[in-house]
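In what follows, chains are A, B, ... by sequence order, proteins preceding strands, each numbered from 1. Only this structure's heavy atoms are used, side chains among them; waters, hydrogens and symmetry mates stay out. As the structure is a computational prediction, the values presented were derived from the model and not from experiment.
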Amino acid sequence: MTEPTAILAAEKGRSLWADAWARLKANRAAAVSGLYLIIMALACIIGPFFTPHHYTTIYQDYNRVPPSLSAYPKTDQMDLAIRDAVKRARLDLVKWEEKDGKVVTTVSAAKPIDERVTRYLDRSDMLENTQVAVTGKSADGLSLTMTSDVEKKYFFFGTDNSGRDVLTRVLMAGRVSLSIGLLAGIVAVVIGVLYGATAGFAGGKTDEIMMRIVDILYALPFIFFVIMLVVFFGRNFILMFLAVGAVMWLDMARIVRGQALSIKRQEYVQAAEALGVTRWGILIRHIVPNLLGPVIIYMTLLVPQVIILESFLSYLGLGVQEPMSSWGVMISQGAKNMPSANWLIIIPAIFLTSTLFALNFIGDGLRDALDPKDR
Amino acid sequence: MQPPILSLHDVRVTFTTLDGDVEAVRGVSLDVHAGETVAIVGESGSGKSQLMMAVMGLLARNGRASGRADYRGVNLIGMPKSELNAIRGSKITMIFQEPMTSLDPLYTIGNQLIEPIMRHRHVTAAEARTRALDMLRLVSIPEPERRLASYPHELSGGQRQRVMIAMALANNPDILIADEPTTALDVTIQAEILDLMAGLQRELGMGMVFITHDLNIVRRIANRVVVMRYGEIVEQGDAKEIFANPHHPYTRELLASEPEGRKTPVPESAPEILAGDDVHVTFKIGGGFLAGPPMVLKAVDGVSVQLKQGQTIGIVGESGSGKSTLARALLRLLPSTGAVHFDGQDITTKSVKEMRPLRSEIQVVLQDPFGSLSPRLTAGQIVTEGLLVHEPSMSAAERDRRAIAAFREVGLDPTLRNRYPHEFSGGQRQRIAIARAIILKPKVVVLDEPTSALDRQVQKQIVELLRKLQRENNLSYLFISHDLAVVRAMSDHIMVMKDGKLVEQGTPDEVMGNPKEAYTKRLMAAAFAA
């Protein structure tokens with residue numbers, strides 16, 4: 001061999017991760033679920049910028065309107081709104097009609113009518129640009145004809161009790177639920193992996209003490225723990241991550257410790273010890289990378305658990321607060337309106353369950369992909 | 001001549017993987033007659049096990065078999081499971097390699113023996129129990145009544161393999177398939193099991209298929225030998241004929257794969273490099289706050305070693321004899337008593353931190369080429385890990401150069417250094433493990449069974465490599481193995497250990513040619529009887 005050794009390029013190997021990735025892609029259910037989750041996440045992140053309504057805007061005239069693909073207002077709603085507006089202006093409605101996309105309203109009164117009454121009509125969520133028609137005012141001023149533009153609004157998923165757009169709100173809620181799921185999941189994984197790996201690798205007395213601490217924390221009732229946190233730190237969004245993450249890492253630590261114990265006895269760890277690698281080096285280079293497989297699987301199963309826990313906390317009033325919302329909150333509100341406005345529970349429930357399904361499919365797929373026995 | 005009991009015709013086995021189809025067996029045809037033993041021999045990956053798995057319908061989920069496997073005129077390949085179950089486990093039975101895992105640890109031996117007998121023979125539990133006892137007697141297990149109530153972990157490896165044989169024979173099979181039944185056992189036990197199987201086969205007159213990678217094992221058991229390579233039969237014929245007059249070059253290679261040569265002893269005056277004086281290692285088992293005093297196991301019981309520069313000391317003994325533990329004590333990886341000197345320094349009391357600089361000079365190569373390399377690191381990262389510890393100032397480019405040099409030194413293509421361990425074969429992995437040890441330029445290398453997980457030919461190559469490295473770098477080896485042929489070829493001093501004690505030591509010719517102790521004699525007889 002005569003070529004200089006320094007420029008010898010090495011061909012690329014295929015790591016176990018690349019292997020697992022290829023197997024995961026070949027798994028139809030997991031691949032579709034992954035795509036679905038990505039779309040869901042993107043929709044929640046950028047969707048609210050493109051929906052026609054803000055998630056806090058309240059449309060008083062549109063309480064609990066059902067989902068519809070065609071534009072609101074419908075004629076009967078308009079009738080109600082116009083009558084309402086005219087009554088507020090202390091006028092009598094003579095007639096109203098829709099002509100060329102405009103609403104023409106004729107009113108009368110016992111005293112001459114001030115032209116500023118157009119404002120009363122504008123105040124409704126359905127009409128705007130109300131003007132007195134060219135020949136609108138009668139000579140005695142006792143009758144007035146006004147033309148208004150119709151404000152067309154779309155509520156694809158309907159509106160809630162206060163008249164807020166459910167589409168925008170469910171996407172906003174998705175942001176909260178997904179980010180709590182992800183962040184609390186990451187918090188749990190990072191703490192759990194480091195703690196568990198350290199305990200398992202250190203072994204002996206250290207392991208004993210560390211795992212007894214885990215046992216003690218296990219014994220604390222979760223709700224009590226969260227209430228305590230709320231009492232001390234006040235109600236806070238960040239606290240949710242902390243509370244959920246702080247409980248979830250316990251399982252993680254136990255799983256990881258078991259894995260670390262078995263990896264510690266592997267020959268490659270002995271070989272590294274014989275090379276003189278420091279304990280920290282062994283932990284980071286050998287133990288943690290080799291236990292990531294089960295950790296990733298557990299994390300995909302942990303995220304749905306966290307999302308459900310968050311719903312539960314929010315239901316108890318310990319979680320996110322209005323006007324912010326999460327899927328759990330929306331479902332609990334929807335449950336109260338089930339007979340009259342079933343879309344209020346069906347829509348967030350579809351979002352939540354489909355996401356949980358997708359996560360579980362991915363978890364299943366990952367388990368198959370990372371399991372070396374199935375090779 | 002009678003028609004064969006099992007007749008394979010053009011059997012093919014294909015595995016579907018992400019990289020496309022892999023053909024493991026490519027059209028194998030062979031016959032097994034009543035009362036004969038057919039040995040299927042080949043290196044790992046030759047498809048010899050998959051062939052029989054296909055016949056038994058035990059292929060992994062991604063595998064498919066085609067062709068015909070006629071058992072008394074019925075084709076087994078493609079047969080529905082329900083019908084197949086009437087034949088397998090009763091008329092065709094199988095013994096596997098690993099006696100530790102092929103028995104279910106949750107059930108007693110009795111349960112595991114009696115149940116299949118009841119199912120296949122439709123007899124009462126009492127009758128099945130009698131039959132089970134007969135079978136245990138047949139395979140010469142002492143105290144069979146007591147053994148029926150034992151759990152697998154209470155039995156030794158050899159006894160478990162005997163139970164497996166008893167299970168396989170309980171329903172009077174026509175054909176017994178044995179897949180490397182002795183590979184996981186110590187030499188003395190290996191010999192006993194082989195004798196037992198040969199005897200039973202003669203007595204019961206069944207056909208036997210014996211799968212192994214070691215051609216020399218089949219010498220005393222097979223009537224006919226089938227040599228397989230790359231999923232095809234390269235040669236088959238009468239056993240005597242094949243041993244006397246092999247036609248195919250591959251068969252000759254297999255036959256000649258016993259490691260050859262001897263090591264020239266080092267001069268008396270060579271400086272001593274690693275010495276352990278009266279080394280004791282004890283393990284405490286159980287015990288604790290409420291459990292009472294722990295049981296003390298003396299794993300190494302007063303053994304002294306003097307390793308000179310350039311010397312190879314072979315340590316032999318059965319599993320559990322304490323040979324690996326002794327090595328780990330000398331490496332200071334286990335707490336032990338008794339002074340250990342390395343290169344003139346007393347390292348007995350050195351802390352982990354104080355030992356670290358010395359670690360580059362005493363290296364170790366472990367047995368399992370699958371377990372000793374971290375699956376998440378590339379071969380290059382594995383080989384250079386020691387440099388990170390001992391020469392932390394070295395640049396990444398320089399490390400890469402050293403890795404390339406080390407790869408060349410152990411005969412591996414350096415362009416493969418970014419591959420991961422699972423992409424290498426067993427022999428290549430062991431080369432990586434050796435490269436990891438020698439990249440630090442050590443003075444002493446402890447080789448803990450470096451060849452026992454490898455096929456014979458690969459073993460020979462590794463032995464050659466180790467010799468070359470020793471010559472070039474004046475290394476001293478501590479060579480631990482239960483494989484006496486390899487030890488004889490490698491070492492200039494041999495120590496025989498049993499139950500943590502040194503039984504006998506001397507030059508290879510003294511110990512192997514003219515053993516003094518009864519235990520050594522027994523060991524030698526078992527290993528070189530063939």
| request: Give the minimum heavy-atom separation between A/V277 and B/E385, together with the two atoms involved. | output: CG2-OE2, 3.7 Å
| task | Check step by step if side chain to side chain contact (heavy atoms under 4.5 Å, CB included) holds for B/L377 and A/H286. | result | CA-CA 8 Å; B/L377 298 179; A/H286 294 286; 3.7 Å; yes
| query | Between B/K353 and A/T278, is any pair of side-chain heavy atoms under 4.5 Å apart? | reply | no
| message | Given heavy-atom pairs under 4.5 angstrom as the criterion, report whether the side chain, backbone, both or neither of B/L366 touches chain A. | response | both
| message | Give me the atom names and distance for the closest heavy-atom approach of A/A271 to B/S372. | response | CB-O, 4.3 Å
| query | Just wondering, are more than 12 heavy atoms of other shown residues or ligands nearer than 6.0 Å to CZ in A/R212? | reply | yes
| query | Does the side chain of A/R279 reach to within under 4.5 Å of the side chain of B/V352, using non-hydrogen atoms? | reply | no
| remark: Between B/G371 and A/Q266 the two heavy atoms that sit nearest each other are O-OE1, 4.4 Å
| query | Of all of B/G386, B/A379, B/P375, which one pairs up most often with chain A through heavy atoms under 4.5 Å apart? | reply | B/P375
| remark: Turns out that what part of B/L358 lies under 4.5 Å from chain A's heavy atoms comes down to neither
| request: Might you confirm whether atom OH of A/Y218 has over 12 heavy atoms from other residues, nucleotides or ligands at distances under 6.0 Å? | output: yes
| task | To the nearest 0.5 Å, tell me how far A/L291 CG sits from B/R376 CZ. | result | 9.5 Å
| remark: Scanning both residues in full, the closest heavy-atom pair of A/A274 with B/V364 reads CB-CG1, 3.2 Å
| query | Side chain, backbone, both or neither: which part of B/S374 has a heavy atom under 4.5 Å from chain A? | reply | both
| task | Evaluate the side-chain proximity of B/R328 to A/Q270: yes if any heavy-atom separation is below 4.5 Å, no if none is. | result | yes
